[in-house]
Protein chains: 2
Amino acid sequence: MANKTPLSKYQIIVNAIKKDIGDGILRPGDPLPSENYMSQSYGISRMTVRKALAVLINETYIHSVQGKGHFVSKPDFTHFDINFKTHDDQDFEHKLLSVDIIDMSDDLRIRMQNFTQKKIIEVKQRIFNNGEIVGYDITYLHYNPKEPVLEKEFHYINIDENAATGEKIKKHVTLAVLSSDEHISSILEVEIGFPIIQIEATARNEVSQIIRYGKSYFKGNAFKIRGQ
Amino acid sequence: MANKTPLSKYQIIVNAIKKDIGDGILRPGDPLPSENYMSQSYGISRMTVRKALAVLINETYIHSVQGKGHFVSKPDFTHFDINFKTHDDQDFEHKLLSVDIIDMSDDLRIRMQNFTQKKIIEVKQRIFNNGEIVGYDITYLHYNPKEPVLEKEFHYINIDENAATGEKIKKHVTLAVLSSDEHISSILEVEIGFPIIQIEATARNEVSQIIRYGKSYFKGNAFKIRGQ
DNA sequence: CAGTGGTCTAGACCACGTG
DNA sequence: ACGTGGTCTAGACCACTGA
């Protein structure tokens, strides 16, 4: 019944504040006691209080404003932490179908808002779970003959490329629902009309140039989603 | 061109490690130098190194294993951080339609796996953006006459109720696609057959009892999704 | 100005993993 | 026994807010 390991000091603070929020003692917008106050009232160091607050910020219970304090956040009904995982909680396997350097089509030029580049890298992958195909992905990458972009891409795809200068890649994902057409049906091995979830992903650099554009097609029944 | 505020020491470490991961110098599974090593090699305190690592852990670039070290994580293609927001990046507004204490239907008994409770709280909300209705939500909550559950629920809905004891609520969200039927069409003001995204959310307590069950219906075209 | 959070230090002790 | 990460301290200085 009792916990085997006693809770750490910061975890006790975390739980106490969560309870106050849950009980409505602290309500959205309310300020928390200051770090120094909590440090003294709990009899612990300020750094330990900050560790507790960091956990709560990370879990979006609160947020901080420099010079003002920490405040209880509004519960966010619009946010979900989603895992595209299968029922048995296994990861998907990605199998490369092809990597090509192709001429940009007019459609791609428009989608990637790039009218100067002539060639682009196209990566096609099939996505499997437990031997069964569950998805199909096409990704287009900016082609720069000087850089081993593909290498980089396969090393670590979710990277802020300009991290060294502190610049951020802005990613955008759109989810849509459609019925499988002949092409998708043949790849995913489903009948035409099967519900498909299409995920369209765009990555932009600091100056809003699209440096990556991809589309994934998943079987509508192929995944499980876990919410925060 | 230059940054106005110089980067903090921990941010420099964060960027350096991100760059090494991006360049493939550090690859998934690789260990990072130990905290003490980085502390010495960068000439900063261990706590500052830990702050940098905490940021990288938070952004899922790395993970730690006590007694062993920090390791570069595999890029996770199955994870998305989703915001159900509108194109203008505004939040949705939730407008309460009704709150009732109702008799459990057989269907609900099965969905909530509760065959002892007779009554349950039903909360219906419509979800608006910019004056336009974009969604509809029905949530069922465990009814306990002794507790002001509703109050609590409206204070803060994303709460770990048993936080004080360290117990966790397990939440589960399922996303499905369907065509609008007559009922949904009348509420969301769309024609029958309109693409609808249905989100089904279940919350379980420590002993896997379902304490909350809800369904939301969103217009398929009503949202934008941001991926991590 | 005083009060707040943000960064950083130089230690300490503990828990865990491996040889 | 030793190296790793996890927790914690008691200070320090800075940046920002608001009266």
Side-chain angles (χ1 to χ4, degrees), chain A residues 2-18 20-21 26 28-74 163 166 168, chain B residues 2-18 20-21 26 28-74 163 166 168:
Chain A
N3 287 324
K4 288 169 186 173
T5 48
L7 290 177
S8 52
K9 293 186 182 181
Y10 80 82
Q11 193 61 52
I12 290 167
I13 314 286
V14 167
N15 291 338
I17 294 174
K18 279 188 182 179
D20 282 351
I21 294 173
L26 285 170
D30 286 352
L32 268 60
S34 75
E35 296 177 354
N36 282 320
Y37 180 89
M38 283 193 274
S39 166
Q40 286 169 31
S41 67
Y42 283 107
I44 62 178
S45 80
R46 184 179 159 222
M47 285 306 275
T48 301
V49 172
R50 282 183 63 76
K51 167 70 177 172
L53 296 175
V55 170
L56 290 165
I57 290 169
N58 189 233
E59 298 181 9
T60 74
Y61 284 94
I62 64 171
H63 59 274
S64 69
V65 183
Q66 187 171 160
K68 297 182 78 171
H70 288 84
F71 301 88
V72 179
S73 298
K74 283 206 298 279
K168 288 254 175 184
Chain B
N3 288 325
K4 290 169 187 176
T5 48
L7 291 177
S8 52
K9 294 185 182 180
Y10 79 83
Q11 193 62 53
I12 291 167
I13 314 287
V14 167
N15 291 337
I17 294 173
K18 279 187 183 179
D20 281 351
I21 295 173
L26 286 170
D30 287 353
L32 267 60
S34 77
E35 296 177 355
N36 282 320
Y37 180 89
M38 282 193 274
S39 167
Q40 288 169 29
S41 67
Y42 281 107
I44 63 179
S45 80
R46 183 179 161 223
M47 286 306 276
T48 301
V49 172
R50 282 183 63 76
K51 167 69 177 172
L53 296 175
V55 170
L56 291 165
I57 290 169
N58 190 233
E59 298 180 10
T60 74
Y61 285 94
I62 64 172
H63 60 274
S64 68
V65 183
Q66 187 171 159
K68 298 183 77 173
H70 289 83
F71 300 88
V72 179
S73 298
K74 283 206 298 280
K168 288 254 175 184

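Here is how names work: the chains are called A, B, and so on, in the same order as the sequence lines, proteins then strands, and each is numbered from 1. Just so you know, these numbers use all the heavy atoms, side chains as well, and skip hydrogens, waters and symmetry mates.
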With a 4.0 Å cutoff (strictly under), does any side-chain N or O of B:S64 reach OP1 or OP2 of D:dG6?
yes

Could you identify which residues of residues 31-39 of chain A place a heavy atom less than 4.0 Å from some atom of DNA chain D, listed by residue number, or say none?
none

Between D:dG5 and B:H70, is there an OP1 or OP2 to side-chain N/O distance shorter than 4.0 Å?
yes

Would you compute the distance between atom NE2 of B:H70 and atom CD1 of B:I17 and round it to the nearest 0.5 angstrom?
9.0 Å

Take A:S8 and A:G67, find for each the nucleotide of DNA chain D with the closest heavy atom, and name the residue whose nucleotide sits nearer the 5' end.
A:S8

In whole Å, what is the span from the CD1 atom of A:I44 to the P atom of D:dG11?
16 Å

Tell me the closest heavy-atom pair linking A:Y10 and A:A52, and the distance in Å.
O-CB, 3.5 Å

Only residue of A:M47, A:Q40, A:R50 satisfying side chain to side chain contact (heavy atoms under 4.5 Å, CB included) with A:E35 is A:R50

Nearest 0.5 angstrom please: B:T60 OG1 to B:K74 NZ, how far?
12.5 Å

Nearest 0.5 Å, what's the CD1-CG distance between A:I62 and A:L26?
9.5 Å

Starting from C1' on D:dT9, measure out to CD on A:Q40 and report it in whole angstrom.
15 Å

If I take atom CG in residue B:L7 and atom C1' in nucleotide C:dC8, what distance separates them, rounded to the nearest angstrom?
16 Å

Report the nucleotide, chosen from C:dA15, C:dT9, D:dA12, that has the shortest atom-to-atom distance to any side-chain atom of B:Q66.
C:dA15

Nearest 0.5 angstrom please: B:S41 OG to B:N36 CG, how far?
10.5 Å

Check every atom of D:dC8, D:dG5, D:dA10 against the side chain of A:Y10 and return the nucleotide holding the closest atom.
D:dC8

Can a side chain N or O of B:K68 be found less than 4.0 Å away from OP1 or OP2 on C:dT18?
yes

When the distance from CZ of B:R46 to C1' of D:dT4 is rounded to whole Å, what number comes out?
9 Å

How far does CD1 of B:I21 sit from CG of B:L56, to the nearest 0.5 angstrom?
6.5 Å

I need the CD1-P distance between B:I57 and D:dT7, as an integer number of Å.
10 Å

Gap between atoms CE and P, on A:M47 and D:dA10 respectively (whole Å)
13 Å

Could you give the CG-to-C1' distance, from A:L53 to C:dT7, as a whole number of Å?
15 Å

What is the distance from atom CG of B:N58 to atom CG of B:L53, rounded to the nearest 0.5 Å?
12.5 Å

Minimum heavy-atom separation for B:H63 and B:S73, please, with both atom names.
ND1-OG, 2.8 Å

Quick one: is A:T48 getting a side-chain N or O under 4.0 Å of the D:dC8 phosphate, OP1 or OP2?
no

Closest heavy-atom pair and its distance - A:Y37, A:P33:
CD2-CB, 3.6 Å

Give a yes/no answer on whether the side chain of B:R50 brings an N or O atom under 4.0 Å of OP1 or OP2 in D:dG6.
yes

Bend angle of the helix from C:dC1-D:dG18 to C:dT18-D:dA1, from helix axes over five pairs at each end, nearest 10°:
10°

For C:dT9, does either OP1 or OP2 sit under 4.0 Å from a side-chain N or O belonging to B:K9?
yes

I need the NZ-P distance between A:K51 and D:dG6, as an integer number of Å.
8 Å

